[in-house]
There are 2 protein chains.
Amino acid sequence: MTSRREAVREILAGGEGFRSAQDIYAQMRANGAKIGLTTVYRALQALADAGQIDVLRTDDGESVYRACATGGHHHHLVCRRCGRTVEVAGPAVERWADAVGAEHGFTAITHTVEVFGTCPSCAALTAAG
Amino acid sequence: MTSRREAVREILAGGEGFRSAQDIYAQMRANGAKIGLTTVYRALQALADAGQIDVLRTDDGESVYRACATGGHHHHLVCRRCGRTVEVAGPAVERWADAVGAEHGFTAITHTVEVFGTCPSCAALTAAG
DNA sequence: AACGATTTTGACAATGGTTTTCATTGTGCA
DNA sequence: TGCACAATGAAAACCATTGTCAAAATCGTT
């Protein structure tokens with residue numbers, strides 16, 4: 001029983017976009033894995049704590065997870081239509097956030113940035129239909 | 001009974017930082033107002049739809065609301081300790097977000113940016129105790 | 001003022017993602 | 001094999017939020 005976390009991580013690594021804990025759980029069960037929802041949550045938390053996966057909240061309050069392609073700090077450009085995501089590095093934002101914080105005397109600055117848009121494919125679809 | 005929304009808006013206008021729906025409800029009850037939690041939620045939604053208040057999600061999934069001081073688009077610098085918030089305008093980020101989106105062919109770009117940090121007062125407290 | 005139509009309100013139940021509980025099971029070690 | 005400890009998972013608990021629906025308030029009309 002090599003920690004189920006491995007299994008969870010592999011599921012995430014095997015996919016592309018963000019997935020919710022519930023989805024991951026369902027998929028694992030579908031794959032025949034014997035795992036509980038509780039454990040999925042715990043694995044996800046551990047992975048997130050270890051910085052091995054990305055976490056972000058959808059607008060309706062659900063947490064979604066995704067394997068981190070690049071180890072470093074980065075943000076996401078998410079298609080609001082199909083959910084396709086692109087990891088983007090944004091040195092400019094990092095600097096801006098730090099500057100803004102410093103300007104007001106804040107320390108230990110962190111920030112969350114998510115960019116949403118309509119990806120080319122979906123834009124085409126929208127135009128067509 | 002001039003729409004309870006007025007009352008909710010006034011509570012928000014009378015405070016500084018972000019407050020959760022539950023907090024607002026509790027405060028209104030404490031002030032002697034006869035209002036239901038359901039109505040607070042409805043008022044908050046209506047106000048948010050009308051663009052009269054800011055809404056954002058805390059890390060633990062709770063929605064928090066705040067009277068919008070400036071009408072225009074802006075972001076927030078939030079103290080992770082005491083919740084004090086500063087509205088910041090960030091032309092640089094706007095441009096960056098648009099540029100990043102455009103670079104990948106995305107259109108109709110929107111973005112969410114929240115900067116967290118420890119405010120001077122809280123930093124002092126931390127250092128002291 | 002009186003009336004009905006429409007909207008607003010709010011107590012309560014339901015929802016649903018997430019977390020906790022706790023007994024069970026697996027693992028490492030002597 | 002036996003024991004200590006971490007991991008697991010089923011079910012219950014949590015809790016912010018939303019839905020339901022009947023009562024109350026408001027408006028427009030007479």
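A note on names: the letters A, B, ... follow the listed sequences, proteins ahead of strands, and every chain is numbered from 1.
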Whole-Å gap separating P (C:dT18) and CD1 (A:Ile24): 10 Å

Under-3.5 Å donor-acceptor pair between A:Thr39 side chain and D:dA7 base: no

Euclidean distance, atom CG of residue B:Leu44 to atom P of D:dA16 [Å, nearest integer]: 14 Å

Any donor-acceptor pair under 3.5 Å from B:Arg42 side chain to B:Arg5 backbone: no

Polar side-chain atom of B:Arg66 near backbone of B:Val55 as donor-acceptor pair, under 3.5 Å: no

Selection from C:dG17, C:dT21, D:dT17 that lies nearest to any side-chain heavy atom of A:Thr38: C:dT21

Sugar-phosphate, base or nothing in reach of A:Glu62, heavy atoms under 4.0 Å: sugar-phosphate

Interatomic distance, B:Arg5 CZ vs D:dT26 P [rounded to whole Å]: 14 Å

Atom-pair distance (CG on A:Asp23; P on C:dG17), nearest Å: 9 Å

Under-3.5 Å donor-acceptor pair between A:Ser20 side chain and C:dG17 base: no

Centroid separation A:His75 to B:His111 less than 6.0 Å: no

Side-chain donor-acceptor pair present, A:Tyr65, A:Gln45, cut-off under 3.5 Å: no

A:Tyr41 side-chain proximity, nearest of C:dA11, C:dG10, C:dT18: C:dT18

Base of D:dG9 paired with side chain of A:Arg42 (donor-acceptor, under 3.5 Å): yes

Sugar-phosphate, base or nothing in reach of B:Leu37, heavy atoms under 4.0 Å: base

Residue pair B:Val88 / B:Val86, side-chain heavy-atom distance below 4.5 Å: yes

Minimum-distance nucleotide (side-chain atoms of B:Ser63 versus C:dG10, C:dT20, D:dT17): D:dT17

C:dT19 OP1/OP2 closer than 4.0 Å to side-chain N/O of A:Gln45: yes

Value in whole Å for how far the P atom of D:dA7 lies from CD of A:Glu6: 13 Å

Between P of D:dA11 and OH of A:Tyr25, the distance in whole Å: 10 Å

